[in-house]
There are 2 protein chains.
Amino acid sequence: MSDQEKEVTIYDIANKLNISAATVSRGLKDHPAINKNTKKKILAAAAEMGYRSNSFASNLRKKSSHIIGVIVPRLNSSFMSDVIAGIEKVVNEANYNLFISQSLESMKKEVSNAKAMFNNRVDGLMVSLAYDTSDIAHFESFINRGIPLVFFDRIYEHEKCPSIYINNYKAAYDITSHLIEQGCKRIAHISGNQLRNVYAERTRGYQQALKDNHVPFDDTLLIINDLSARAGNEAANQLLNLPVRPDGVFVANDICAISCMQAMKKQDIKIPDDIAFAGFNNDPTSCVIEPNLTTIDYKGYEMGETAARIMINHLVNNDDLQKTQSLILRSELIIRESSLKKGSKT
Amino acid sequence: MSDQEKEVTIYDIANKLNISAATVSRGLKDHPAINKNTKKKILAAAAEMGYRSNSFASNLRKKSSHIIGVIVPRLNSSFMSDVIAGIEKVVNEANYNLFISQSLESMKKEVSNAKAMFNNRVDGLMVSLAYDTSDIAHFESFINRGIPLVFFDRIYEHEKCPSIYINNYKAAYDITSHLIEQGCKRIAHISGNQLRNVYAERTRGYQQALKDNHVPFDDTLLIINDLSARAGNEAANQLLNLPVRPDGVFVANDICAISCMQAMKKQDIKIPDDIAFAGFNNDPTSCVIEPNLTTIDYKGYEMGETAARIMINHLVNNDDLQKTQSLILRSELIIRESSLKKGSKT
DNA sequence: TATATTTTTGCAATCGATTGCAAAATGTTA
DNA sequence: TAACATTTTGCAATCGATTGCAAAAATATA
């Protein structure tokens, strides 16, 4: 009933055993200079008295927090929540804790989040950039103080920061080539802010694939928006109102692709025969929509695990961060009905 | 270039201004006893010298962490990531930080997570229970020390802990009644572990609706599984192999409902005419599947916001937790094609 | 037994911010 | 100007764990 059970400290243990707090402190963390017997007594007393270490005191003294910060654009997307789950697993196993915050796709909030992380003295920071982040001055303080900074997915190339991502260029190249193989001659591309590597690279892959296959690039077929469901809907109308409609669409994200498909289906466009579709991300919805959506699969969970492991290895084993400049994870083209034209060779 | 820029402390500021650290400390937090002019000087010096408060020292002295812990079954579900996003927003605005961990639906991990939260001295804890948690002894230490504990969605009734959830009973009652109205006479129900309020209440609502409408309850039509996509697939086969097939299915979760529908569609079952379907959660996939899935909508984001606000109000304004015993949020029946039989009156 | 070695332990300072209480500075009133 | 009230400030202890260094205890060697 007592709200006020007193906290047990190493001094209480020391008193009880008639030894010094220093010995207790060392004993608790298995310091080699402490006698085995004394250690046993200390551990027993600690357990019996319900001791729990005060991490503030320890952090204050040791100047490290055992906390890793994470800043992501949004927590509630299928991909990102997979990433977070992967990070959480690795970090938790290493006895670190996570501070998580979301930038809500705004650079302004990202800046303030970074500041909060800095003031809370995270031991490391993992970041996937907001939609409109134009520079990373707000992360300089970390770099200057030698606090490890790792980028993932939406990265920023920096010599001191490892980056974990996929080969967006190649994935986009492959998926575009696939559409061309299926007989598409006018392929539209819907993408996001070209400041972000993920979207710029996908656009580049799309354009290169067109070029290599001698398909002329038509800039009325390139739409840049925020890749939301609403934007997908609007893009559908925009594309259907063109003087010459596309016969294929490659969207840089499944959510947007699917709402675009749905809007087109309502206007009686036949997918894939009138217009073939391809997305990106292998979102759960992509194999629910009919026809199922051709897309690029890459594992958020693994990306989270990998990024976290690099961070933890640096913090725990003092691994050199420079050594891992960047880490490219596997991605895979998944061909489904949305891009398989009837008359095609495949 | 210097990795080792020294941290600025209140003592450095005090020295520079020839005043005491106590005054600096008070000045920085706008203590009323400090002269306006002195305050201005302190703030200016702090800014100029790049001071940042050391939260460890502060926490150590104040015995509070400004950290709120969250334990959820999984981070990567559409619903839960919405909840987390809502929590993050409220908590962040109040200048608190979040420790997040996932129990992965296992009581064992939930126990160890709770312990970690306790040792890290969170100021409050928010929990949605794991699939198989059978008691909450692992949370007693929080209750005993007066650390506020709030349950949401998958709750545990406890006089000292507010709970935020929806009326699962009524929602299930409504959705089952709707299926009956549509002419269903043999309604199967797929649900999860009946230890969890959310599933037990939904099952209860289902059964009561049957009873009130004089539809006999057939226990071969009640399937309890883990509500995963795989389980939905298996349930489809189980139901189709019954001597008399159901003409309606109410699943306690959309993910499972959709995989069940997909499996049935593959066997040429016509939905809704052969078998009507209803789910729960309004997952994004529910309006992508064809036919679109009738379901119960409840806003994870709002649930997260609400739960977090109760916590924050308690911590910041010292609101009484007892006062809010439980908070029932709105949920809404969303009728879509999956449950609209052709010959029905509606 | 005396001396040298090796193992164990303790002293005391340190990490920065906070706060009760007393003292100093300033302002007010008679 | 004296006496008193009000504002501002500073002293010094405190929150617990950590750690360099020295001292004590235990063990080994001559």
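Throughout, protein chains are lettered first and strands after them, A, B, ... in sequence-line order, and every chain is numbered starting at 1.
A search for side-chain contact (heavy atoms from CB on, under 4.5 Å) contacts involving A:Lys108 returns A:Ser106, not counting sequence neighbours. Here B:Val90 pairs with B:Glu305, B:Ala308, B:Arg309, B:Ile312 under the side-chain contact (heavy atoms from CB on, under 4.5 Å) rule; sequence neighbours left out. By the side chain to side chain donor-acceptor pair (under 3.5 Å) test, B:Ser65 pairs with B:Asp123, sequence neighbours left out. Residues passing the salt bridge (charged side-chain N to carboxylate O under 4.0 Å, His left out) test with B:Lys109 are A:Glu88, sequence neighbours excluded. B:Ser112 is linked by a side-chain contact (heavy atoms from CB on, under 4.5 Å) to nothing, counting only residues two or more places apart in sequence or in another chain. Residues satisfying the ring-ring contact (aromatic ring centres under 6.0 Å, His included) criterion with A:Phe79, sequence neighbours excluded, are A:Tyr298.
Residue pairs meeting the ring-ring contact (aromatic ring centres under 6.0 Å, His included) criterion with at least one partner in residues 10-62 of chain A, sequence neighbours excluded, do not occur; the list is empty. Within the structure, every pair that satisfies the ring-ring contact (aromatic ring centres under 6.0 Å, His included) test and touches residues 92-120 of chain B, not counting sequence neighbours, is listed here: A:Phe99-B:Phe99, B:His66-B:Tyr96, B:Phe118-B:Phe142.
Rounded to 10 degrees, the angle between the two end axes of the helix from C:dT1-D:dA30 to C:dA30-D:dT1 is 40°, with five pairs used at each end.
Think of the region where chain A sits on DNA chain C: with heavy atoms and a 4.0 Å cut, that region ends 5' and 3' at C:dT8 to C:dG16.
Near-neighbour residues of DNA chain C inside residues 38-58 of chain A, defined by a heavy atom below 4.0 Å, number-ordered: A:Thr38. Scanning residues 10-23 of chain B for heavy-atom distances under 4.0 Å to DNA chain C yields B:Ile10, B:Tyr11, B:Ala22.
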